[in-house]
Each structure stands twice: as structure tokens, then as C-alpha cells.
Amino acid sequence: MDSGPATQPVRAPERLGDFTLSPRALPIVLLACGIGVIGTYVAAALLALIAGITNFVFFQRLSLVAVSPASAPHSAWLILLAPIVGGLVVGAMARFGSEAIRGHGMPEAIDTILRGGSKVSPRIAILKPVSAAISIGTGGPFGAEGPIIMTGGAFGSLCAQLLELTADERKTLLVAGAAAGMTATFNAPFASILLAVELLLFEWRPRSFLPVSAAAVVAAILRAHVLGADPLFPVAALAPTLSGVEYLLCLVAGGTGGLLAIVATRLVYFSEDTFKRLPVHWAWWPAIGGAIIGAGGLVEPRALGVGYDVIATFLRGNAELSLIVGILVVKTLIWSLSLGSGTSGGVLAPVFMIGAALGALEARVFPGVAPGFWSLVSLAATMGGVMRSPLTGVIFALELTHDWTALLPLTIASSAAYGLSVLALKRSVLTEKVARKGFHLTREYSVDPLESLLVGDVMATHFGSFRAKAPLSDTLASFVAAELGADPAPRNGRLFPVFDDHDALVGVVTRSQLVRAAFAPAAERPATLQELGLHQPHVLRPDMTLREASHVFAERGITRAPVVAEDDPRRVVGIASLADLLEGRLRDLQEENVSERVIDLRDLIRLGRPRA
């Protein structure tokens, strides 16, 4: 007996578990370890280059020892002109080298991951760190971490591009390089991993977490030999047991840090919008930003450069009022306004500084807990508000100081700032730039509702079907009656299973086939449905998740398919359609938006009454 065309082989569903990981992840982890080594030396080279340019420009000497531009007095002309010249050089590098070096690094990394297939040009790996070193070394009030993220990511991406890897694997190695560079810069491996998860990976999966973690760990171990193992800002324990009032003031400090983050973010994009309206080519904008930096440097020279020494002063709790106000006002203005010019530099160090300055100002009003305590709390809060990465803000503050006693106060402050920032602003200083290019991104992570339901939960078990060897005239009569609603049999839409005499699936027929046959002259119609021509169906199984079913639909370009039994691929147990897959989304929406009272207060009262 002719059984008709064979069905497509059923793809076995993935073995369900909490996580998915294939052995292919192992070589990616090994590659990430090598990238961790590269990222460490790249970070060390960039820090040395910044120090060398700073020494040459402000002290007219050749040295790679880190130094602040404000560690000695300079002429007003040098303070004013050095950032302008640096801006001219950076603008020329962007104009004639690569426009991609403009900006503070992290938005560019995000854009490369989301839209560029994690492919970074080799030119960026050279031009980005050099332009950042020139910008910061000539007095730019920026951090080195943004350029290091982009540079470390560039080397990770280049290594991945030399191999035959998927876009997701390239993304993982790009982020591994970024995390390694961050670790080497701040000696903060855990915070670097968290930053990668909260900001760069856009997923929480073992396949990406393990390589990124490996790169950060390797960088941390190697950093101890290359740059030292001490924390960047070592302090004594700042957070003894606090009172209830002091915990409430941590909440207040978080709120003020969130407000400062909102102001700084709005200033950055106000500046960017203003520069776009200037009637000059964008290559001149960094020089104009340099003029803003120079003018600010004349008011408060300690606002120039990375400013690690100033942050340390705040965290020691011995900053004078003039420094506090000068950094809080001047640093915020020159950093945010010059960053909008498109020059090259990072955001973390400036955020650390202005956050610590805010805390030092609050320490003059709040009860004394320990020297530098409120600066540390506000540093974490401001970072949580600007970056919208509260966990990263907390762990960064802890790893920068090694004051692990401050965990709870920092969590309170960073969470408060994060909540206020998210309520007030749609985008952060890191994501607004990507959104302005017309690309929407979300940083909310949740379990995919398509993972929580199986095909067997949503498939239609009552469906219309036909016999392969039945007379075609009877088949068409049944089909027309169902389409017109005269027959109570269910309508399947555009797909109908076709069975042999033993109820085994031999193929499917589409609605368009039946319509054409119905309108064809009777003399031209074949005798049976099997002679009309059956399609080989792509089938599902009841134990597939809806996510797996959606992958089948997307890969095959179909919107519905028969569901066959696990033990017999020719026994149909249901029909699943694209509309059925939306059932998972519908349930998710109902759980999010439908409010209901589950227990009535009167029921609780009755439970407390003694029984008769």
C-alpha cells in the first residue's frame, strides 16, 4: 500500500534543565583566558601612555609614572591650551582615522555587540587607546575605563574574528576582553564581571558567563604582578554598626546621588544636542570641548585628568570645602559638557569623583560615622544612578576600597539612586547614544514565558483531517461545509493532516490547494486527495518547549504544524499554530497586569475563631 510522502524527521527536543551548555564552551573559555592576558597588558600600556603624555605636556619630562596635572602649579596658558590642542589631535584622528573612536567607549561597545555582530575593526584597537591617552593626558576630565573596555573588547573581537565562530561567541570574547581590561584598571574582577552581565552581555547564560569570568580572573591574577595587588583606594573600615537614623540617611544619600546622576546625564545629552547645532564640522568639536575643560581647569585645576588622587582624598575624609565644591561643580560641568563634544574618554572615574565629592559635602551635615564613609556611600549611589547598574556600583565601591563592612549601606544607597534614575530617565548615559541611532534596547531580564510552557499545553487536540484515498469530491464537500460554518467540524486554518487507512500521517494538504481544487473544472480534478499532491510536514512534539517550536517555525518559514506522539512520529495528537505560541505571552501579560485578591480578610478572621 502506498503510504504517501514521508514526514520530515522530528527534531528531538532539547533536554530540559535550568541552564544549557555545550562542550563547545570549553575552547571558548580557554580562548578567554588568553584574552585575559592580552587585556591586562593592553590596560597597563594605556595607563602608561596616559602617564607619559601627562608628564610630557604638563611637566615637560619623559616619565611613565602616574601623576596628576594639578600636582604642581602651571601657567594659565598651559592649562587653557593643553586640552584644546588635545581636542584638535583627537578630532583629526577621528576625521582621518576612524569616526568610531569618538565617545566614551561603552555605548560604542554596546552598539558593536547589538548591531555590528561583535566585529571590531583592527584600526579601532590602535586608535581608540591612543586618542583616549591624548585626551586624558592633555587634561581631559575622563576615566581610562571606557576606552579600555572598547580596546580590550576590540582585541577580544579580533581574536574571535581570526577563528570560525558564531556572532554570540564573538560577543562573548569581546566582552571577555572588556572585562579583563576593567579588571586590570581597577583591580576589581567581581565588579567587572557584574558590569559585563548588567551592561554588555544582554543575557545570563553559562556560555557567556564562564568565559567572561575566566578572563577577569586571569587578568586579576596577572595584574598583581604587572600593576600591583593593592586596592585602588585603600581605606580603614568605614562602616561600623549603624543606627536606624544612619540607615535612613543612607537612603537620603542614595536619593541625592540619584539626582546628581540625573543632572549629569541630562547635561551630557544637552551638550551633545548643542554641539550638533553648531555650524562647524564635528572634527572641531573636541577642540571646543577642550576649551571648556581649560576654562574649568583655571577655576579648579584638580578637576583635570583622571583624578584618582582626589578620589582618595575624599575617601580619607580630609578634603577641604573649596575642593569639595570645586569638584562637585567644575568637574560635573567640564566632564558632562566636554563629553558631548565626542572626544575620547570614560565615565567611571569622573562619576566616582563627583559622587565622592557629594558625599564629602553631605558629611558636613550628616552624623559622623567614619572618615570618608559618606563619600563612599555617595560614590556607589552616583554610579548606580548614572550606569543604572546598582550591583556593579556596590561591588565596585567595595573592591576599590576593600571595606567589606560597608556592604549594607552601599546596597541601600545604590538601590535608591538606581530606582530614582530609572523612574526619571528612560535611558542612561550609556544607552541613550545607542537609542539615538534608532535602535531600541532593553536591560530588563526575565524568564522567557515561551520556556515555561510545552507544545502539549497549548496545542489544539480537536482538529479537522482528511483521508488520503477518500474521493476528492467528498473531501471538498467536507472542506467547503467547514469553511461556510455549516459543518461543526473544527477548522484548522491553512493546514490539514492527511491520514492513511490506519490513521498514520502521510502528509498535509493546505487550504490553498483545496480552494484551487474546489474551483477547478470537475474533469481536471484528481480522483483522491493523495493524487492532488501532499506536502511533507514539519512536525512538532508535545514535549517541546514553545521556544523550540518557535525556532522550528522561524527556521522553516511556517505558522502551524502537526504535533506527533513522542513514540510514533506518524501518530498526530494535535495541531500547533503561531497563535498557540502566543499563549505563553498572554499568560505572562495576565500575571503582570491582572490584579486579584486571593485571600479575603474575613476568611482569616474565621480561621482564628475556635470551632464549635
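Along the sequence shown, the residues carry numbers beginning at 1. Just so it is clear, the structure is predicted and the values come from calculations on it, not from any experiment.
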**Q.** Worked verdict on Leu210 versus Leu21 for side chain to side chain contact (heavy atoms under 4.5 Å, CB included)
**A.** CA-CA 10 Å; Leu210 294 176; Leu21 186 67; 4.0 Å; yes
For the residue pair [X] and [Y], what are the closest heavy atoms and their distance?
{"X": "Val212", "Y": "Ala176", "value": "CG2-N, 4.0 Å"}
{"X": "Ala32", "Y": "Ala215", "value": "O-CB, 3.4 Å"}
{"X": "Ala413", "Y": "Ala381", "value": "O-CB, 3.7 Å"}
{"X": "Ser341", "Y": "Ser271", "value": "N-OG, 4.3 Å"}
{"X": "Val57", "Y": "Gly137", "value": "CB-O, 4.2 Å"}
{"X": "Gly305", "Y": "Lys331", "value": "O-NZ, 3.0 Å"}

Which value, rounded to the nearest 0.5 Å, describes the distance between [X] atom [atom1] and [Y] atom [atom2]?
{"X": "Met353", "Y": "Tyr308", "atom1": "CE", "atom2": "OH", "answer": "9.5 Å"}
{"X": "Ile412", "Y": "Leu407", "atom1": "CD1", "atom2": "CG", "answer": "10.0 Å"}
{"X": "Leu30", "Y": "Ile35", "atom1": "CG", "atom2": "CD1", "answer": "11.0 Å"}
{"X": "Arg207", "Y": "Thr172", "atom1": "CZ", "atom2": "OG1", "answer": "6.5 Å"}
{"X": "Leu158", "Y": "Ile38", "atom1": "CG", "atom2": "CD1", "answer": "9.0 Å"}
{"X": "Leu267", "Y": "Thr332", "atom1": "CG", "atom2": "OG1", "answer": "8.0 Å"}

message: I want to know whether Phe352 and Phe396 have ring centres closer than 6.0 Å.
response: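 Yes.
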Working note: Ser71 + Phe58, criterion side chain to side chain contact (heavy atoms under 4.5 Å, CB included); need CA distance, chi angles, decisive distance, verdict. CA-CA 10 Å; Ser71 58; Phe58 287 97; over 6 Å; no
Do [X] and [Y] come close enough that some side-chain heavy atom pair is under 4.5 Å?
{"X": "Ile53", "Y": "Ile134", "answer": "yes"}
{"X": "Pro367", "Y": "Leu249", "answer": "yes"}
{"X": "Phe373", "Y": "Leu242", "answer": "yes"}
{"X": "Tyr41", "Y": "Leu222", "answer": "yes"}
{"X": "Glu198", "Y": "Pro390", "answer": "yes"}
{"X": "Pro189", "Y": "Val217", "answer": "no"}
{"X": "Leu174", "Y": "Leu200", "answer": "no"}
{"X": "Tyr418", "Y": "Arg388", "answer": "yes"}

Determine whether a donor-acceptor pair (N or O, by modelled atom type, separation under 3.5 Å) exists between the side chain of [X] and the backbone of [Y].
{"X": "Thr185", "Y": "Gly181", "answer": "yes"}
{"X": "Ser135", "Y": "Ser131", "answer": "no"}
{"X": "Glu169", "Y": "Ile28", "answer": "no"}
{"X": "Ser157", "Y": "Gly153", "answer": "no"}
{"X": "Glu399", "Y": "Ala191", "answer": "yes"}
{"X": "Asn187", "Y": "Asp230", "answer": "yes"}
{"X": "Ser389", "Y": "Met387", "answer": "yes"}

- request: Show your working on side chain to side chain contact (heavy atoms under 4.5 Å, CB included) between Thr392 and Leu199 and close with a plain yes or no.
  value: CA-CA 10 Å; Thr392 301; Leu199 193 62; over 6 Å; no
| said: Checking Val299 now: which residues fulfil side chain to side chain contact (heavy atoms under 4.5 Å, CB included) with it, not counting sequence neighbours? | reply: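 With sequence neighbours excluded, Val299 shows a side chain to side chain contact (heavy atoms under 4.5 Å, CB included) to Val330, given in chain and number order.
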[X], [atom1]: over 12 other non-hydrogen atoms inside 6.0 angstrom:
{"X": "Phe366", "atom1": "CZ", "result": "yes"}
{"X": "Phe186", "atom1": "CZ", "result": "yes"}
{"X": "Leu321", "atom1": "CG", "result": "yes"}

Item checked: Verdict with supporting geometry, Leu400 and Leu376, side chain to side chain contact (heavy atoms under 4.5 Å, CB included) -> CA-CA 10 Å; Leu400 290 174; Leu376 182 62; over 6 Å; no
message = With side-chain contact (heavy atoms from CB on, under 4.5 Å) as the test, pick out the partner of Ile50 among Val67, Ile136, Asn55, Leu64.
response =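 The residue from Val67, Ile136, Asn55, Leu64 that satisfies side-chain contact (heavy atoms from CB on, under 4.5 Å) with Ile50 turns out to be Ile136.
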Notebook entry, point to check: So among Leu333, Ile293, Ile354, Ile327, which one has a side-chain contact (heavy atoms from CB on, under 4.5 Å) with Pro141?
Noted result: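 Running side-chain contact (heavy atoms from CB on, under 4.5 Å) over Leu333, Ile293, Ile354, Ile327 with Pro141 returns exactly one hit, Ile293.
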Which residue pairs pass the side chain to side chain donor-acceptor pair (under 3.5 Å) test with at least one member in residues 366-383, sequence neighbours excluded?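 Residue pairs with at least one partner in residues 366-383: Glu362-Ser378.
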Once ring pair (Phe, Tyr, Trp, His ring centres under 6.0 Å) is applied, do any residues pair with Phe59, and if so which ones, sequence neighbours excluded?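 If we apply the ring pair (Phe, Tyr, Trp, His ring centres under 6.0 Å) test to Phe59, skipping adjacent residues, the hits are His74.
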